[in-house]
Each structure stands twice: as structure tokens, then as C-alpha cells.
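What follows is a short report on a single structure.
Order of the sequence lines fixes the chain letters, A, B, ..., with proteins taken first and strands second; residue numbering starts at 1 for each chain.
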Amino acid sequence: MARGRFQPAEFERKWQEWWDAQGIYYARDDDTREKYYNLMMFPYPSGDLHIGHWYNYTGGDIYGRYMRMRGYNVTQPIGFDAFGLPAENAAIKRNVQPREWTLDNIGKMQAQMRLMGAGWDWPREVVSCLPDYYRWTQWLFLQFYKQGLAYRTKAPANWCPHCNTTLANEQVVNGHCERCGTPVERREIDQWLLRITKYADELLRFDGMEWPEKTRLMQTNWIGRSEGAEIRFRADLAKKRGKGAETVEIPVFTTRPDTIYGVTFFVLAPEHPLVERMTAPEQGEAVQEYVERTRHETEIDRLSVDVARPKTGVPLGTTVTNPVSGAQVPVWIADYVLMGYGSGAVMGVPAHDQRDFEFARAFDLPIIQVIRPEGEEETDPATWEAAKSHEGVILNSDGLDGAPAGEGIARAIKLIEAKGVGKAAVTYRLRDWLISRQRYWGAPIPIVYCSEHGTVPVPEDQLPVLLPDQVEFKPTGESPLRYVPEFFETTCPICGGPAKRETDTMDTFICSSWYFLRYADPKNADAAWSAEKVAQWLPVDMYIGGPEHATLHLMYARFFVKALRDMGLLNFDEPFARLYHQGMVLGPDGQKMSKSRGNVIAPDDVVGRYGADTVRSYLMFMGPFDQGGPWSNQGIEGVARFMNRVWALVTDATEAGVRVDGQAKPVGAALGIERLRHKAIARVTADYEGLRFNTALAALMEYVNSLNKTREQSPEIVNDAAFSRAVDTLLVLLAPMAPHLTEELWHERRLRAGMAESEYTSIHVQPWPEYDPALIVDETVTIVVQVNGKVRDKLELAPDTAEDEVRERALASAKVRSAMEGRSLKKFIYVPGRLASVVV
RNA sequence: GGGCCGGUGGUGAAAUGGCAGACACAGCGGACUUAAAAUCCGCUUCUCCGAAAGGGGAGUGGGGGUUCGAGUCCCCCCCGGCCUACCA
């Protein structure tokens, strides 16, 4: 019964439904095989699964299917990261409830995700905006609170005037809002933070983690550990309102305490709390003006791209005393000093710091050289065009002079500590994680404010603090929850008196910092998870997602796991043992896909035309999985043709009969087929193992081409058991990539072989084939013969030919001898099975 | 400015230091067809010699180096992409 052409639409849905009904991808907790936790980053429910999702999930799914066939108890869970701004924006724009909008989108995307034919472990699905999930998000917040890892403080916040919300440092991209691109301003509000900085040092360690070097580096830079010293400068403040003179100490952080004698000025950040008190009356106006100006400057202006941006600043008219040298230096404020780093104060060493140098030049401040680079003489700083390197020998520094490169810092710290004016110190670029969002669509922070008892955590048995449905969205800068009296007005859990609820909600990155734990025990109504189930499934063995999460999600999740471990809630240190970043699919024009460019490829369209298997396979065939690449409407045709060839080959073979006997040693064409089969297993296995799906598919194409060639040359081979086996192996190797097609053909073959429908088991649970190393070497190999590095001849030899014989044969070759031009042999190199190199 | 990743045919790309261009796309030629589509087969880095079979030379952004041998390793430079950026 010739089946005609490959028509994926006829069977893809059928198998998707059958897989669901059979539950073949639903990992059981009581399965005794070794577990494999194959995770992909859960999507935001925007309402449309785009090609980037397909790319990510196809690669992950192929790997998960491969591991399942290797015999692991694979779970490949999926869910939705369902809180966040877009739902609220949609609500404002179209007057729908965020909850309805979100759940509606989830419904659409679940259908699209089924369309891919991925082996999702649906019973483990989590949706972060549902109360049975965010109840535990809130519970986790309370655990952090109890440990002192969650705290509330008035802090300068990144404020996006467009979204009317605060942003984490990580969500500010080049001074602009990550979401809408609006320049970010600064504001001071009471907010909740998580003490991620407590884990800064541990987060710098990546022991035993199979993570991309790039990602580790990005996190390391993000944490930004700097070693140096904290030095306290002294300031004698003028009398105020009749009080006597007062001395304050202002600490600075420096990585170069050895340049302490080079300090010629002192700079405070404009927001520094001591600015007002340090300002001399005659400078009051100018200082106030400058402070005012910087406050209105956006982050983009301050942290500008423009390297040549001139330094600005205003002197305060007062001085501080260098505690080591005793020198009095003037105090300035300047916007190049950031309040958020170190102590918000800098000792100006213009001779050896380019920024300080520029500042000194701009305001005509003195420059003192204290380090002489190796092999250079001391020169007049007035002639310099830039700051001198700070590698060299120390000079002009009483007590440090002559200290050679590399020792100055340690000696300076000793000196500072001996004088009792400072100490060795470490500073991090990493800030505590600001989690308050003045927004509705997030998990409410479970805190109540009582006039009697202050900040009171909501008792755990009163969770979840439910989000009310009926809210109005007004751009007030406060959470809409502030205007829902039933929510806002509450009672104190301690005294029962009137109290106000916290109206901010949590950053959605909190929700995504623990979802992979919930997958282990998604239905648990009594706890966030049970210890046994988390111990059974965690840590995640493979995590696949975009590189854009390198410093956000991936660091927060690590922090969560470490903090929860220290609370005794988890017994491992790192959430993700192996991490892989897929590349990006570009439009056919090689540009990033965007609606405005009109180069967007919609998965639903191409699946409608080619079927899911072809789209999956083409995506993987484009190039290396971690590289991505441009979509090509012609390129996918090639993969579609390949699917047709597979279909034709297998249906023909099935028609000829499926032979499961024939353990006899194959000879002739059958042996050739057997060799092809073993080689294909070896290549495809190695490629899947390394997530090299492009070359895996290329190997399968070669395999199919070779089978067809053999069939053409020896038509009777289709009746041989070796051929049956070769075809079955083809289907098994292709199954992870093209799950529907292979299931359809496998099913057909099993029934043809006499199997009853009721006995049928999916191809996706068949064992992965083994190969025989003896069968992947050819009977003869081509040995290339080079003379002085140039190929001059080729020899067909048995792979185990001895070196002496190869040498003899090579030197006997007429071509080789003519290339040697009578010169004598100097050296002979033989690379077994590959090449012989004659040096003359 | 700093960091990382890249640069290979007309295109997407292959290649444990060992025959560069596998596998595809596009193109050209052929078979099948009344014809087209589909399918199948062949050719397809450049260049030179040759009627052909063949054969020579060059070639992986540019320049140098290590090596019997370099797309691959080392140094310098050019170009592109991503990340990051006044971090004291």
C-alpha cells in the first residue's frame, strides 16, 4: 500500500493527542531509573509563541528526548512567568483585567506549545500568577524577612517616568528603562530589598558548574569585587548655630591606597549626606545649584557613552585632612563620583587616575606624582597629557618610598592600619536587590503596617494575600492597590487594630527565582515543596535559555538557592548544573526580527505549510545551536525534501516487509548497510550529546542518501533483515528531531511486522541504539601522502597496515618520487589511518 | 574605553593540528513529462595548461611566527556582532 507523499497534517495532531493520553512524557516520582531534569526557561505569556521560543524549546526538547531514549527518567516541565508589566499595560490600553488577559494568553500558548510536539511534562505546569503559586512566593518572602535577608529602607531608586515604577539596577540599560527605553530618573522611596550582597563572595564561585565561560565572566563582572582600603579623611566643620567646631570622618574606598600621598583634592558625590554640612556659606548657592542639576540629570547623561564628556564639579569651599600625609586638600562635589559605589567619596589622585587627572586639569588643581613607572624618570606633571600608569616604584611618599611595584598596596595598608585611619576593605559593584514594584500585577508583599506594632509580617496561615480583581489603573506612581480600600485597609495581625497593607508587589524575578523548585512538587498545598521531592529532582541537570538572562534571572536563582540552603530548606548549593545559551534566530534579511522591519517569521504559518517536524529540524539545521542565524525560506525547503525522502524510503521499505530476524553475520551489500548503520549511530549520538543538532541532521541526511544509493545499486537489499534494521535505526536516530514523522512510520512498521495495536509502544521510549566500534571503520582507508607538506598521492590501504609497509608503498609511488626530485629522505611521519608525510 | 564571540564558496555552513568547503540552499546541465510542477541524476572555490582524460598553481579578513604539516596554535593589525562602561 504505497502511502503517497509525506503529509504531516494527517498525523501530527493524532500523535500529540496520543502522547498526552499515554502520558509518555510525564515523569513519575516513583520511577527508579536515574532522573534527568531537563529545563528550559519558562515564557512570559505574551499570547504568542514566537520563533525564538521554538528555537529554544526545540533544541531543549531534542536533548530531553535523546536522554529519555538513553534510559533516564526525564522530566521536561514547562509553565508561565505570568506576572509583569505587559499585562497591566494591556489592561490600561484595552480595558481588560490583567488576570483575564494573562490566562487567555496562556491558553493560546499552551495550544501553540502542543503544536511543537515537544515532550512537556504538563502535570508539573506552574503558572506564577495563580494564588496556589504566589502563595508560596509570599511565603518565601517571609522566610527571607525572618532571616533578615529582606529589609525595607528609603533608598534612591531608579524611576521610570513612563512605566511609573521603580527599576532594579539590572533593569536599567544604559540609563534607559529596559522595557520602554525611557531615560531613568532617581527618586527616594521606602522600598523592600533582598540582601543578595551577603552572598557576593559565594556567587563568585562556580565550582563544578558546567556553565559558559562568558556567563560566569559576566556575573563576576556584575558582582565587581574590588580589593583595596577604606581610609577615613578628617573634616573640621565650621561652627553652626553657636555650636563648637566639630570633626567628622569621611571614609573613602580606594583600590590604590599606595597613592595616598598623591591626593590633591577630595570629591563627594552630589547626593552625599555630608554635602550640606561641608559647604562653606559663600559656596552655598553654587553647590545647591549643582546638586539640583545633577538630580534632574538622567542616568543616561551621567553614565554617558561619551567618554570625552568634560568633567564638571563645584568646590565646597572647605578642606579635609589627608590622615596619612596631613595635607589639607579642597573638597569638591562632582557627578563623576557615584553615591552608589564605595562610600560615595573619592580621594583625588590626578597623577595616576585618568578621571582625577581630567578633573584636575579642568579646575587647575595640583598634580603630585607618587609612582614612577619602571625605566622612567620623574617628570613635571604640567607637561603630561594623561595620568601616569600606577605600575612602578613609589616616590614622594614618606614611609612608602622605594616600595617596588606590587608591594606598595600591602605596605600602604599596613601604614594606614598602624596610624588607625583606615583598614583593608573589599567593595562590590553588586547592590542589594530592590524588589518593590509600585504595580498591581505582581505578588503582593505580605506585610502590614500597624501604628502600634510597625512592620508586621502576615502570618503564614493567612497566605495568600490575594490580589483583588477590581482595580483601577491610574498613573499615580503608586500601586493601584493603594486605591482598593478592601485591600489597603486591614487589621494588625498582632493587635487586631486598624492597619495598612503594603501595596507594592514583588519584582517578577522573585517568581522566576524558584519556579524550578516548584516543578518538583507542583501540587503541594501544604508547602512550597516537599524536601524529598526536591531532593529527588534537583538540581537541574540541563538548563537552556537565552544569554540575556546571564546577570538577572540566573544570578537571582543562584542567590535564592544559597539563601534557602542556609535556611535549611534545600540541601544543594547551585540550581543549574549545566547551562546552555541558544543563539538567536534572525529574519531572512539577517536582521533581528521585528514587526517594523516586516521580517518576522510566525511559527504557526510555517508549521501550517511544512509541519512541525520540518520546522523543528530546519531550525536546528540552520547552524550551531548556540549561534542561531538567519531564517531562510529556501533553506527550509531542503529539510522538507529530506523529510520526503525519509518518508519515501521508509514506506517503500515497510512495503517490502519488516524483518526482525537475521542475526546471521551480514555479508556483501548487507555488510555495507550494517557499516552505514553503525557509523550513523556513532556520529548522531556524539552530535546529540554535544547539542550539535546541525551536524546530527547532516549525518542523518548522508545516511539516508547512502541507503538510497545502496538500494539503487542492489534493489534486492530491501528484503534483507539488515535493511530493515537500518531503516528502524534511521527512525530511532531521527525521532528526537522529528517526533511525529518517526512515530507514524515506526507505528506502521510495527503493525506491518505483526504487532497488535494494543502492544504498541512509542518510538520515543525505545532504547537508544549502540554501535560496534569494529563496524565504524572501513575495510580500506585512504592514506594521503605528502611531500614537504603538499599532497602528492593517495594510497588505498587496510586501516591496520604497518608503518613500514606504508612507508615502502609511499616511497614507491611514482608521483611521490617525482615530487622528491631525487632529494634524499630526511624524515618520515605516519599518522595511522590518515596520512604519511615525506620530508626531504 | 574595557571584555567576550566571530570573519571560510554566490548563500547557510562543515572540518580531534593531517585531503578545506561535509550537509544543504541557490545556480547550471540532464532524465521523466505533450508541458509545467514535483521527483531523480550530474556539475558547481578561483585560476592556469589541455580537445578530453588529466594535470599545475593559488586559496579560510591582512601581516608575521611555531610545525614535516595551520581555517585550527602564538604575536601584531583590520572589520563585524554581543555585553559592559566615570566602579575610585
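Distance noted for atom P between B:U39 and B:A53: 30 Å (whole Å). If you take atom C1' in B:U16 and the same atom in B:U11, they sit 28 Å apart, rounded to whole Å. When the C1' atom is used for both B:C40 and B:C78, the distance is 47 Å, rounded to whole Å. When the C1' atom is used for both B:G50 and B:G61, the distance is 35 Å, rounded to whole Å. A gap of 24 Å separates the P atoms of B:C77 and B:G9, to the nearest Å. Straight-line distance between the C1' atoms of B:C73 and B:G3: roughly 22 Å, to the nearest whole Å.
Within the nucleic acid shown, A:N694 comes within 4.0 Å of sugar-phosphate atoms alone, with no base atom in reach, counting heavy atoms only. Heavy atoms of A:E702 sit under 4.0 angstrom from primed sugar atoms or phosphate atoms, though from no base atom. Within 4.0 Å (heavy atoms only), A:T782 reaches at least one base atom of the nucleic acid. The residue A:N705 sits close only to the backbone: its heavy atoms come under 4.0 Å of sugar-phosphate atoms, none of a base. Among the atoms of the strands shown, none is found under 4.0 Å from any heavy atom of A:S632. Across all strands shown, A:R692 has no heavy atoms under 4.0 Å from either base or sugar-phosphate atoms. Here A:Q627 lies in heavy-atom contact (under 4.0 Å) with sugar-phosphate atoms only. Within 4.0 Å (heavy atoms only), A:L217 reaches sugar-phosphate atoms of the nucleic acid but no base atom.
Taking a pair to require two hydrogen-bonding distances under 3.5 Å in either a Watson-Crick or a G-U wobble arrangement, B:C40 pairs with B:G30. Pair assignment for B:G6 gives B:C79, based on Watson-Crick or G-U wobble hydrogen-bonding distances that are each under 3.5 Å. Nucleotide B:C19 forms no Watson-Crick or G-U wobble pair with any nucleotide shown, as no partner meets the under 3.5 Å limit on both distances. Base pairing of B:A53 is not made with any nucleotide, judged by Watson-Crick or G-U wobble geometry with both donor-acceptor distances under 3.5 Å. Under the Watson-Crick or G-U wobble criterion, with both distances below 3.5 Å, B:A24 is paired with B:U11.
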Mind listing the N/O atom pairs, protein and nucleotides 10-12 of chain B, below 3.5 Å?
residue : atom : partner : partner atom : Å
B:G12   : O2'  : A:M622  : O            : 2.7

Close N/O contacts between protein and nucleotides 47-49 of chain B (under 3.5 Å):
none

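Listed nucleotides: B:G18, B:C87, B:A13. Nearest to the side chain of A:P624: B:A13. In this structure, of B:A85, B:G42, B:G57, it is B:G42 that holds the atom nearest to the side chain of A:K709. Here the nucleotide nearest the side chain of A:R834, chosen from B:A24, B:G55, B:U16, is B:U16. Residue A:A698 places its side chain closer to B:C23 than to any other of B:C83, B:C23, B:C25. Relative to the side chain of A:K794, the nucleotides B:C87, B:C19, B:G18 differ in distance, and B:C19 lies closest. Closest contact between the side chain of A:R645 and the listed nucleotides B:C19, B:C40, B:A85 involves B:C40. Side-chain proximity of A:Q634 to B:C40, B:C25, B:C86: nearest is B:C25. Nearest nucleotide to the side chain of A:R792, out of B:C87, B:G57, B:C83: B:G57.
Nucleotide B:A14 holds its P atom 16 Å from the CG atom of A:L700, rounded to whole Å. Distance CG (A:L697) to P (B:C25): 12 Å, rounded to an integer number of Å. Look at CD on A:E358: it is 13 Å from P on B:G1, rounded to the nearest Å. Look at CD on A:E227: it is 18 Å from P on B:C87, rounded to the nearest Å. Rounded to whole Å, atom C1' of B:U39 lies 15 Å from atom CG of A:L649. B:C40 atom C1' lies 17 Å from atom CZ of A:F642, rounded to whole Å. As a whole-Å value, the separation of A:R641 CZ from B:A37 P is 12 Å. Following rounding to the nearest Å, A:R355 (CZ) and B:C86 (P) show an atom-to-atom distance of 9 Å.
Within the structure, side chain to side chain donor-acceptor pair (under 3.5 Å) contacts touching residues 691-703 of chain A (residues at least two apart or in different chains) are A:R683-A:E702, A:D687-A:R692, A:D687-A:T695.
The base of B:C83 has none of its N or O atoms less than 3.5 Å from a complementary donor or acceptor on the side chain of A:K214.
When the side-chain nitrogen and oxygen atoms of A:N221 are compared with OP1 and OP2 of B:A85, none of them lie within a distance under 4.0 Å. Not one side-chain nitrogen or oxygen of A:R429 sits closer than 4.0 Å to the OP1 or OP2 atom of B:U84. OP1 or OP2 of B:A58 has at least one side-chain nitrogen or oxygen of A:K790 nearer than 4.0 Å.
With sequence neighbours excluded, no residue forms a ring pair (Phe, Tyr, Trp, His ring centres under 6.0 Å) with A:F253. The ring pair (Phe, Tyr, Trp, His ring centres under 6.0 Å) test applied to A:Y261 returns no partner, not counting sequence neighbours.
The aromatic ring centroids of A:Y580 and A:F625 lie less than 6.0 Å from each other. Centroid-to-centroid, the aromatic rings of A:Y618 and A:W631 come within less than 6.0 Å. Between A:W332 and A:F266, the distance separating the two ring centers is not shorter than 6.0 angstrom. Ring to ring, A:F363 and A:F265 are not that close: their centroids are 6.0 angstrom or more apart.
A donor-acceptor pair under 3.5 Å links the side-chain atoms of A:S343 to the main chain of A:P251, judged by distance alone.
Of the two residues contacting RNA chain B, namely A:G344 and A:V838, the nearest-nucleotide position lying further toward the 5' end is that of A:V838.
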Which is it for A:Y290 and A:T312 under the side chain to side chain donor-acceptor pair (under 3.5 Å) test, yes or no, and what are the steps along the way?
CA-CA 9 Å; A:Y290 188 81; A:T312 61; 2.7 Å; yes

Please evaluate residues A:D652 and A:R711 with respect to the criterion salt bridge (Lys or Arg N to Asp or Glu O under 4.0 Å), reporting the C-alpha separation (whole Å), side-chain torsions for both, the decisive distance (0.1 Å), and the verdict.
CA-CA 11 Å; A:D652 283 1; A:R711 185 161 66 130; 2.8 Å; yes

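In this structure, the side chains of A:P273 and A:M339 come closer than 4.5 Å at one or more pairs of heavy atoms. The side-chain heavy atoms of A:T58 and A:M620, taken from C-beta on, include a pair separated by under 4.5 Å. When side chains are defined from C-beta on, A:D613 does not count as touching A:M737, because their heavy atoms never get closer than 4.5 Å. Looking at heavy atoms from C-beta onward, A:S226 lies in side-chain contact with A:Y341 at the 4.5 angstrom threshold.
Near RNA chain B, meaning a heavy atom under 4.0 Å away, there are no residues from residues 676-690 of chain A.
In this structure, B:G9 is classed as syn because its glycosidic torsion stays within 90° of zero.
Comment: A:E712 does not engage A:K709 in a salt bridge, judged by the lack of any side-chain N to carboxylate O separation of less than 4.0 angstrom. With respect to A:R225 and A:E227, a salt bridge is recorded, a charged nitrogen being found less than 4.0 Å from a carboxylate O.
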